[in-house]
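Here's the structure we're looking at; comments come further down.
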Amino acid sequence: MSVRKRYVQVGVGGRSMMYSQAVIETFASDCEMVAFCDNNEGRLNMRVKWAQEKGASVKGYGAGDFEKMIAETRPDVVIVTTKDCYHDEYICRAMELGCDVITEKPMTTDEKKCQRIIDTQKKTGKSCTVTFNYRYSPPRTQVKDLLMSGTIGEVLSIDFHWLLNTHHGADYFRRWHRNKENSGGLMVHKSTHHFDLVNWWLSSVPKAVYAMGHRKFYTPETADRMGLTQRGERCLDCPEAKRCSFYLNLRENEELKGLYLDNEKHDGYFRDRCVFSDKIDIEDSMNVLVEYETGAKMTYSLNAFCPWEGYMVAFNGSKGRLEHFCQESVYINGDGTVPGEMIAGQTTVKVFPHFKAEYPVEVWTGTGGHGGGDPILLADLFSSNPPKDKYLRKADQRSGAYSILTGMAANRSMATGQRVFINDLVKNIGIPDYPPMSR
Ligand SMILES: NC(=O)c1ccc[n+]([C@@H]2O[C@H](COP(=O)([O-])OP(=O)(O)OC[C@H]3O[C@@H](n4cnc5c(N)ncnc54)[C@H](O)[C@@H]3O)[C@@H](O)[C@H]2O)c1
């Protein structure tokens with residue numbers, strides 16, 4: 001029998017359970033979870049108890065005891081699923097202490113932290129995997145397949161528009177994501193997925209970025225216009241609860257109550273802050289122009305207050321055009337529903353060759369979170385013998401960096417009104433391993 005890899009996980013909130021289950025249940029013959037770490041004692045104890053009930057021999061450590069945890073439990077790999085702004089601390093410390101890392105997106109939240117991760121990885125030689133689950137969802141892999149096989153020739157320009165609806169989109173304005181110092185704003189926190197997809201779809205990296213953005217929906221003025229004038233700091237005791245379409249009832253949902261409401265006494269983390277608060281400092285509407293090293297140009301937008309959720313992307317190539325449309329289900333992070341499920345019949349791929357009739361392509365399908373991407377990602381991460389992947393979907397710190405740098409450049413461009421060059425932000429990244437493209 002082969003030796004099982006030893007894992008610890010830092011951050012045991014909404015997203016983290018997927019990884020805990022993969023290590024402790026699905027891939028138990030290849031993996032062993034030996035400890036959890038979190039700054040919230042309540043959530044930490046819950047996860048340790050859950051794992052022990054599954055028969056895992058795990059310990060729990062507070063955030064201040066991270067190094068002690070590494071020394072005592074000697075993991076091979078640290079899984080980082082904390083708040084975005086702390087990723088860099090755990091990624092770098094883990095590599096310095098001799099561990100490989102698997103981290104959730106975004107790899108980190110600003111240029112300085114990104115440079116530190118790039119430098120630390122080079123210095124230590126440890127691996128840093130960034131989990132881009134969107135690459136693995138079958139229709140998005142299919143788009144890669146069509147582009148890399150030269151279906152529309154060389155991609156010269158892209159139109160990409162992502163819509164977050166008033167359930168999922170609003171949720172970014174309720175908790176830590178609402179402040180740039182925690183999340184980098186939606187340009188980093190959310191668009192890292194989209195910018196990574198484009199880098200990988202094109203097998204290229206961004207060169208220059210220009211952006212504009214604002215927040216005009218999730219504001220006190222919008223709430224006043226809706227007649228919601230007696231707002232509280234949070235939904236739980238808000239006098240407007242009955243009249244507000246954005247009311248989130250933490251008491252009613254078992255998952256949200258158990259994970260957040262019951263544990264807020266430990267750290268004051270309120271999961272249901274008012275989406276119209278004047279304390280929010282991220283944009284809810286962003287328009288970005290990106291130039292890639294191949295010369296391709298992209299027009300991208302993200303709006304977080306739409307009636308439906310999903311995206312439209314079109315590639316204009318030297319031999320034709322490819323259009324991909326996707327509508328996703330409604331969900332709220334951590335409420336127990338499957339995140340980012342695609343709605344059957346509402347995901348399409350169409351090719352428009354030059355001088356020939358257009359044709360629809362039968363869409364690849366999958367089940368599970370994020371358009372079926374999560375289960376395939378987990379097998380790639382935790383199986384000791386993952387299938388060979390011609391799409392090279394497993395990503396490291398180089399892809400992690402380029403996916404956030406477009407957003408960081410966009411943030412800088414929004415602040416200065418100037419075009420921003422990626423090379424001015426972070427040095428010595430190296431080019432990610434992308435599959436070759438046919439033309
Ligand atoms: N790939 C995806 O589709 C996807 C989806 C959701 C979330 N995420 C990512 O997963 C990560 C976690 O997000 P979430 O929704 O679970 O958030 P969350 O707020 O539910 O959980 C974060 C956890 O980190 C803990 N934490 C905070 N500061 C810490 C510190 N300094 N040290 C140790 N632990 C700390 C919190 O107590 C909490 O348990 C984020 O990076 C987020 O961007 C990715």
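Keep in mind that the numbers below use all heavy atoms, side chains included, and drop hydrogens, waters and symmetry copies. Just so you know, ligand 1 is whichever comes first in the structure, and atom 1 is the first atom listed for that ligand. None of the values given here were measured: they were computed from a predicted structure.
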Should His177 be counted as touching ligand 1, given the test is an N or O pair under 3.5 Å? no
Close approach of Phe66 to ligand 1, heavy atoms, under 4.0 angstrom: no
So is Arg140 actually on top of Tyr134's ring, under 6.0 Å and inside 45° of the axis? yes
Per-atom contacts of ligand 1 with His193, taking only distances under 4.0 Å to non-hydrogen atoms: 1 (N), 2 (C), 3 (O)
Before signing off on this row, confirm whether Tyr260 and ligand 1 have an N or O atom pair separated by under 3.5 Å. yes
Could you list the atoms of ligand 1 found under 4.0 angstrom from a heavy atom of His87? 41 (O)
Heavy-atom proximity to atom 38 (C) of ligand 1 ranks first, among Arg43, Gln9, His266, for Arg43
Determine whether Thr347 and His324 satisfy the following criterion, side-chain contact (heavy atoms from CB on, under 4.5 Å), listing intermediate values before the conclusion. CA-CA 7 Å; Thr347 299; His324 171 37; 3.8 Å; yes
Element-labelled atoms of ligand 1 that are located less than 4.0 Å from some non-hydrogen atom of Tyr86: 28 (N), 29 (C), 30 (C), 31 (N)
Below a 4.0 angstrom heavy-atom separation, can you tell me which part of Glu104, side chain or backbone, both or neither, approaches ligand 1? side chain
For Arg43, enumerate each residue passing the salt bridge (Lys or Arg N to Asp or Glu O under 4.0 Å) test, keeping only those at least two apart in sequence or located in another chain. Asp267
Can you list the atoms of ligand 1 that are under 4.0 Å from a heavy atom of Gly11? 24 (O)
Per-residue contact class, Asn133 against ligand 1 - non-hydrogen pairs under 4.0 Å: side chain
Going through the distances and angles, do Phe246 and His167 end up as a side-chain contact (heavy atoms from CB on, under 4.5 Å)? CA-CA 8 Å; Phe246 294 87; His167 291 264; over 6 Å; no
Quick check on Glu25: does its CD atom have over 12 non-hydrogen neighbours (other residues, nucleotides or ligands) under 6.0 Å away? yes
Quick one, Lys390 with Asp145, criterion salt bridge (charged side-chain N to carboxylate O under 4.0 Å, His left out). Give me CA distance, side-chain angles, the key distance, then yes/no. CA-CA 9 Å; Lys390 70 172 175 171; Asp145 188 74; 3.6 Å; yes
Partners meeting salt bridge (Lys or Arg N to Asp or Glu O under 4.0 Å) with Asp100 (sequence neighbours left out): none
Within the 4.0 Å heavy-atom shell around Tyr269, which atoms of ligand 1 are there? 18 (P), 19 (O)
More than 12 heavy atoms from other groups under 6.0 Å of CD on Glu41: no
Using non-hydrogen atoms of the residue, decide whether Phe132 is closer than 4.0 angstrom to ligand 1. no
Does any N/O atom on Tyr134 come nearer than 3.5 Å to any N/O atom on ligand 1? no
Residue selection (non-hydrogen contact nearest atom 12 (C) of ligand 1) among Val10, Val130, Thr81, Thr131: Thr81
Around atom NZ of Lys242, are there more than 12 heavy atoms from other residues, nucleotides or ligands closer than 6.0 Å? no
Atoms of ligand 1 under 4.0 Å from any heavy atom of Ala63, numbered from 1 in the order shown, are 32 (N)
Within 6.0 Å of NZ in Lys216, more than 12 heavy atoms from elsewhere: no
Heavy-atom contacts with Pro106 under 4.0 Å: which atoms of ligand 1 show up? List them by number with element. 43 (O)
Where on Arg175 is there a heavy atom closer than 4.0 Å to ligand 1, on the side chain, on the backbone, on both, or on neither? side chain
Assess the residue pair Val34 and Glu32 against the criterion (side-chain contact (heavy atoms from CB on, under 4.5 Å)); give the C-alpha distance rounded to whole Å, side-chain angles, the decisive distance to 0.1 Å, and a yes or no. CA-CA 6 Å; Val34 292; Glu32 185 182 4; 4.2 Å; yes
Which atoms of ligand 1 sit under 4.0 Å from any heavy atom of Thr82? 11 (C), 12 (C), 24 (O), 33 (C), 34 (N), 35 (C), 40 (C), 41 (O)
